[in-house]
Amino acid sequence: MTVSFVCRTASALPRERLFDLARSVEAHLDSQKAAGERAVAGVTSGLIGEGQEVTWQARHFGVPLRMTSRITTLDFPGSFTDEQVKGPFKSFRHVHEFEATATGSIMTDRVEFTAPFGILGRLAEDLVLRRYLQRLITDRGRFVAGIEE
């Protein structure tokens, strides 16, 4: 079963700046220091672009994990999508949308994922993964939205 959730983050930054920060490898790493995240293959610094991949290595729930994501669509400065091509999920898709506002911008994160392992995976989705990932995406959004120019 696919799980989905939406997170919205307001920022004083212009949407073009927020868009670039959301696809910055360095900003992502800074936002995920608690998990010891590292970019270990593909695009490991700078801005990731359409068709490019990055492999992340981190520790979540005390378990070392690797996930390779590809930017499958990119429409500057409105949206981009990253999807897992290899990693711990059966599927993982993250759509990032950006809209300008009178005071800056709003970033909307739309996440869809499916855990592996059938019924055990569905149980993990309900008990742990949805809340954990929603908190992670919310915290990351707040971090990126608060970066000063």
Side-chain angles (χ1 to χ4, degrees), residues 1-61 65-116 121 124-149:
M1 183 170 88
T2 299
V3 175
S4 63
F5 60 85
V6 176
C7 299
R8 296 180 63 110
T9 308
S11 176
L13 298 173
R15 81 174 179 159
E16 295 83 3
R17 175 76 174 134
L18 191 56
F19 183 98
D20 281 346
L21 285 168
R23 64 191 183 107
S24 163
V25 172
E26 288 81 7
H28 180 87
L29 293 173
D30 286 346
S31 76
Q32 297 302 307
K33 282 184 180 176
E37 191 142 345
R38 298 182 308 137
V40 296
V43 178
T44 59
S45 65
L47 300 178
I48 190 164
E50 187 169 12
Q52 295 181 319
E53 296 181 1
V54 59
T55 299
W56 306 105
Q57 185 172 301
R59 187 172 291 274
H60 295 277
F61 305 109
L65 299 170
R66 284 175 80 100
M67 180 170 154
T68 301
S69 297
R70 177 182 300 133
I71 302 298
T72 55
T73 64
L74 188 146
D75 181 22
F76 181 84
S79 67
F80 70 92
T81 302
D82 64 83
E83 299 183 58
Q84 174 191 283
V85 294
K86 185 177 182 184
F89 295 95
K90 185 173 180 183
S91 67
F92 189 94
R93 183 172 193 258
H94 184 175
V95 178
H96 311 253
E97 299 170 332
F98 305 85
E99 59 186 281
T101 66
T103 58
S105 56
I106 294 177
M107 176 172 59
T108 302
D109 293 284
R110 300 180 190 280
V111 176
E112 298 175 351
F113 70 93
T114 305
E125 289 168 353
D126 290 340
L127 294 177
V128 178
L129 288 175
R130 176 196 305 263
R131 282 189 298 265
Y132 182 81
L133 289 172
Q134 193 163 6
R135 187 175 333 108
L136 187 145
I137 296 295
T138 297
D139 291 348
R140 181 184 175 281
R142 289 179 182 151
F143 180 89
V144 170
I147 293 177
E148 306 227 350
E149 291 193 81

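As a basis for the values below, the full set of heavy atoms in this structure was taken, side chains included, without hydrogen atoms, waters or symmetry mates.
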Which atom of [X] lies closest to which atom of [Y], heavy atoms considered:
| X | Y | value |
| --- | --- | --- |
| Ala27 | Ile147 | CB-CD1, 4.0 Å |
| Arg15 | Gly78 | NH1-CA, 4.0 Å |
| Val111 | Ile137 | CG2-CG1, 4.1 Å |
| Leu65 | Pro88 | CD2-CB, 4.3 Å |
| Ala115 | Gly121 | CB-O, 3.6 Å |
| Arg66 | Thr55 | NH2-CG2, 3.9 Å |

Would you indicate whether the side-chain heavy atoms of [Y] and [X] approach each other to under 4.5 Å?
| X | Y | answer |
| --- | --- | --- |
| Gln32 | Leu136 | yes |
| Phe76 | Glu16 | yes |
| Arg93 | Glu83 | yes |
| Val128 | Phe61 | yes |
| Val3 | Leu129 | no |
| Phe113 | Gln84 | no |
| Tyr132 | His60 | yes |
| Phe5 | Thr138 | no |

Rounded to the nearest 0.5 Å, how far apart are [atom1] of [X] and [atom2] of [Y]?
| X | Y | atom1 | atom2 | value |
| --- | --- | --- | --- | --- |
| Leu21 | Phe143 | CG | CZ | 9.5 Å |
| Phe98 | Asp75 | CZ | CG | 11.5 Å |
| Cys7 | His94 | SG | NE2 | 7.5 Å |
| Glu112 | Phe92 | CD | CZ | 10.0 Å |
| Asp20 | Leu47 | CG | CG | 5.0 Å |
| Arg140 | Met107 | CZ | CE | 6.5 Å |

Exercise for review: Apply the side-chain hydrogen bond (donor to acceptor under 3.5 Å, both in side chains) test between Asp82 and each candidate in Arg23, His96, Arg70; give the one that qualifies.
Suggested key: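 With Asp82 as partner, Arg23, His96, Arg70 yield a single side-chain hydrogen bond (donor to acceptor under 3.5 Å, both in side chains), made by His96.
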Practice item. Could you tell me whether the side chain of Glu53 and the main chain of Val43 form a donor-acceptor pair under 3.5 Å? Key: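 Not at all, since once roles are kept as given, no pair shorter than 3.5 Å links the two residues.
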Exercise for review: Can you sort out the partners of Glu99 under salt bridge (Lys or Arg N to Asp or Glu O under 4.0 Å), two or more places apart, ordered by chain and number?
Suggested key: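 Checked Glu99 against salt bridge (Lys or Arg N to Asp or Glu O under 4.0 Å); matches are Arg8.
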Point to revise | Side chains of Ser91 and Thr114, donor plus acceptor under 3.5 Å | key: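 Present: a donor and an acceptor within the cut-off.
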Review point. Side chains of Ser105 and Ser11: donor-acceptor distance under 3.5 Å anywhere?
Key: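 The criterion, which ignores hydrogens and geometry beyond distance, is not satisfied for Ser11 and Ser105.
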Exercise for review: Please report the C-alpha distance between Val25 and Trp56 in whole Å, then the side-chain angles of each, then the deciding distance to 0.1 Å, and finally whether the side-chain contact (heavy atoms from CB on, under 4.5 Å) criterion is met.
Suggested key: CA-CA 10 Å; Val25 172; Trp56 306 105; 4.0 Å; yes
